Amino acid sequence: MTKEPRDAPQFYLTSPAPCPYLPGREERKVFTHLIGLRAPALNDTLTQSGFRRSQTIAYRPACEQCRACVSVRVKIEEFAPSRGMRRILRRNDNLVAETRPARATHEQYALFRRYVGARHSDGGMADMSMVDYQMMIEDSHVDTRLIEYRLATGNGEKGPLVACCLTDRLTDGLSMVYSFYEPELEHRSLGAYMILDHAARARGFGLPHVYLGYWVEGSRKMEYKSRFLPQERLGMSGWIRVG
């Protein structure tokens, strides 16, 4: 009789909670832990199966009567920025990006607080302390980096921090775990710019996908993800090309 490996993942189901995307609905999630030496390979497999990572937890929706949350990934080999996206790139051509180890700083936290306060003040992150933020950034057993975006100064010094993205590198792509930006610079479309930058990075690495998380049809918060075409959406029969 073959024994099951001691570190085989165990999956759990959360209790029902209010859905953050569709009013009047409840959500449930299935989750497992991403810890130890198995974490990177497991994160790859689960992300390709529609899971998302939050610290050392991989989760995906498991709602009984709803399948609205759809995993989305951009097909990098065929992706080409639209005219509007090229305008966003030009609008931000004075930004300098730096890939850093996943380490929290007070400068990042201040930007995070401004972003959450302006965009998600009624969400679960509104009361996050510096310690909470540090855990979100640093508590990872997979290949995680933090990409900082700053305004160029022209004199070699670091300009002000205007955007950040916590990113996992997978065997088949980059997964944008969480991004935030300066809310007063809304005219720059920094959220879209970071996706475009990740698409360029993935192409440079020879990786076929950028994982954007969940898209929810009818949710204004998620509408922007549908613009990055061609993309694949995970359905009951696997990944389906759109666009």
Side-chain angles (χ1 to χ4, degrees), residues 53-55 74 76 79-121 123 125-140 142-170 173-207 209-213 221 223-225 227-228:
R53 184 182 71 82
S54 177
Q55 296 176 224
V74 183
I76 296 304
F79 173 74
S82 65
R83 182 180 300 176
M85 292 174 184
R86 291 196 296 273
R87 286 197 295 268
I88 292 173
L89 289 170
R90 290 193 296 270
R91 201 177 301 149
N92 292 285
D93 62 2
N94 63 338
L95 295 187
V96 177
E98 180 181 3
T99 302
R100 301 173 53 84
R103 296 290 181 268
T105 68
H106 288 281
E107 183 185 27
Q108 295 164 13
Y109 177 65
L111 176 62
F112 170 79
R113 292 291 301 172
R114 292 195 298 274
Y115 171 80
V116 172
R119 301 295 299 269
H120 304 287
S121 59
M125 291 183 165
D127 298 324
M128 283 178 61
S129 66
M130 176 62 187
V131 173
D132 296 327
Y133 173 77
Q134 184 177 17
M135 291 291 289
M136 181 180 79
I137 297 299
E138 299 182 8
D139 194 9
S140 171
V142 303
D143 188 357
T144 304
R145 296 290 184 270
L146 191 70
I147 303 175
E148 292 186 341
Y149 299 85
R150 297 177 180 274
L151 289 173
T153 62
N155 57 12
E157 297 181 359
K158 285 189 175 181
L161 182 68
V162 297
C164 286
C165 187
L166 186 66
T167 303
D168 289 349
R169 179 162 177 173
L170 312 172
L174 300 177
S175 177
M176 299 178 69
V177 176
Y178 189 77
S179 60
F180 54 96
Y181 53 85
E182 180 58 68
E184 293 185 359
L185 300 179
E186 187 173 356
H187 65 283
R188 283 182 173 265
S189 302
L190 289 168
Y193 174 76
M194 283 188 278
I195 295 176
L196 294 170
D197 180 65
H198 276 68
R201 290 170 182 270
R203 181 174 285 111
F205 292 141
L207 298 173
H209 305 116
V210 170
Y211 288 84
L212 301 183
K221 293 180 181 179
E223 182 184 5
Y224 70 94
K225 296 182 182 181
R227 303 171 190 160
F228 293 85

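Given the structure is predicted, the values throughout are model-derived calculations rather than measurements. Sequence positions, counted from 1, serve as the residue numbers for this chain.
More than 12 heavy atoms of other residues, nucleotides or ligands shown are found within 6.0 angstrom of NE2 on His187. By the neighbour-count criterion of 12 heavy atoms within 6.0 Å, atom CE of Met128 is densely surrounded, having more than that number from other residues, nucleotides or ligands. Other residues, nucleotides and ligands contribute at most 12 non-hydrogen atoms within 6.0 Å of the CG atom of Asp127.
You'll find the side chain of Met136 reaches within 4.5 Å of the side chain of Phe112, heavy atoms only. Within the 4.5 Å cutoff, side-chain heavy atoms of Leu111 are placed close to those of Glu182. Side-chain atoms of Cys165 and His198, non-hydrogen and from C-beta on, do get closer than 4.5 Å to each other. Looking at Ile195 and Met176, their side chains come closer than 4.5 Å, going by heavy atoms from C-beta outward. Side-chain atoms of Arg103 and Glu138, non-hydrogen and from C-beta on, do get closer than 4.5 Å to each other. Counting heavy atoms from C-beta on, the side chains of Asn92 and Tyr149 never come closer than 4.5 Å.
Counting all heavy atoms, side chain and backbone alike, Gly213 lies closest to Lys225 at C-NZ, 3.9 Å. Considering every non-hydrogen atom in both Ile147 and Ala97, the closest pair reads CG2-CB, 4.2 Å. In plain terms, the two heavy atoms of Val210 and Ala202 that are nearest each other are CG2-CB, 3.8 Å. Nearest approach of Cys164 to Met194, heavy atoms of both residues: O-SD, 3.4 Å. The shortest non-hydrogen separation linking Thr144 to Leu166 is CG2-CD1, 3.5 Å. Nearest heavy-atom pair, Pro101 versus Arg145, reported as atom, atom and distance to 0.1 Å: CA-CD, 4.4 Å.
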With side chain to side chain contact (heavy atoms under 4.5 Å, CB included) as the criterion, how do Phe180 and Arg114 come out once you've worked through the C-alpha distance, each side chain's angles and the decisive distance to 0.1 Å?
CA-CA 9 Å; Phe180 54 96; Arg114 292 195 298 274; over 6 Å; no

Trace of the side chain to side chain contact (heavy atoms under 4.5 Å, CB included) decision for Tyr211 with Leu174
CA-CA 6 Å; Tyr211 288 84; Leu174 300 177; over 6 Å; no

Does the side chain to side chain contact (heavy atoms under 4.5 Å, CB included) test come out yes or no for Ile76 and Leu207, once each step is laid out?
CA-CA 8 Å; Ile76 296 304; Leu207 298 173; over 6 Å; no

What do the steps show when you test Met130 against His106 for side chain to side chain contact (heavy atoms under 4.5 Å, CB included), and what is the final call?
CA-CA 8 Å; Met130 176 62 187; His106 288 281; 3.9 Å; yes

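For the side-chain hydrogen bond (donor to acceptor under 3.5 Å, both in side chains) test, no residue two or more places apart in sequence or in another chain qualifies with Arg87. Listed by chain and number, the residues in a side-chain hydrogen bond (donor to acceptor under 3.5 Å, both in side chains) with Glu98 amount to none (sequence neighbours excluded). Looking at residues two or more places apart in sequence or on another chain, you find a ring-ring contact (aromatic ring centres under 6.0 Å, His included) between Tyr181 and Tyr115. Evaluation of the ring-ring contact (aromatic ring centres under 6.0 Å, His included) rule for Tyr178 yields no partner, not counting sequence neighbours. Residues meeting the side-chain hydrogen bond (donor to acceptor under 3.5 Å, both in side chains) test with Thr153, sequence neighbours left out: Asn155. With sequence neighbours left out, the salt bridge (Lys or Arg N to Asp or Glu O under 4.0 Å) criterion links Glu186 to no other residue. A search for side-chain contact (heavy atoms from CB on, under 4.5 Å) contacts involving Leu151 returns Asn94, Leu95, Pro160, Val162, Arg188, not counting sequence neighbours. Not a single salt bridge (Lys or Arg N to Asp or Glu O under 4.0 Å) links Arg227 to another residue, sequence neighbours left out. Listed by chain and residue number, nothing satisfies the salt bridge (Lys or Arg N to Asp or Glu O under 4.0 Å) test with Asp139 (two or more places apart in sequence, or in another chain). For Pro81, the side-chain contact (heavy atoms from CB on, under 4.5 Å) criterion is met by Phe79, Met85, Arg86, Leu89, Leu196, not counting sequence neighbours. Every side-chain hydrogen bond (donor to acceptor under 3.5 Å, both in side chains) that Arg201 has, sequence neighbours left out, goes to Thr99, Asp197. With sequence neighbours excluded, the residues satisfying salt bridge (Lys or Arg N to Asp or Glu O under 4.0 Å) with Glu148 are Arg100, Arg150.
For Ser140 (side chain) and Val142 (main-chain N/O), a donor-acceptor pair under 3.5 Å exists by modelled atom type.
One distance of note links CG of Asp143 with OG of Ser175; it measures 11.5 Å at 0.5 Å rounding. Put simply, CD1 on Ile88 and CG on Asp93 are 13.0 Å apart, with the number rounded to the nearest 0.5 Å. Here Phe228 contributes atom CZ and Ser82 contributes atom OG; the two are 8.0 Å apart, rounded to the nearest 0.5 Å.
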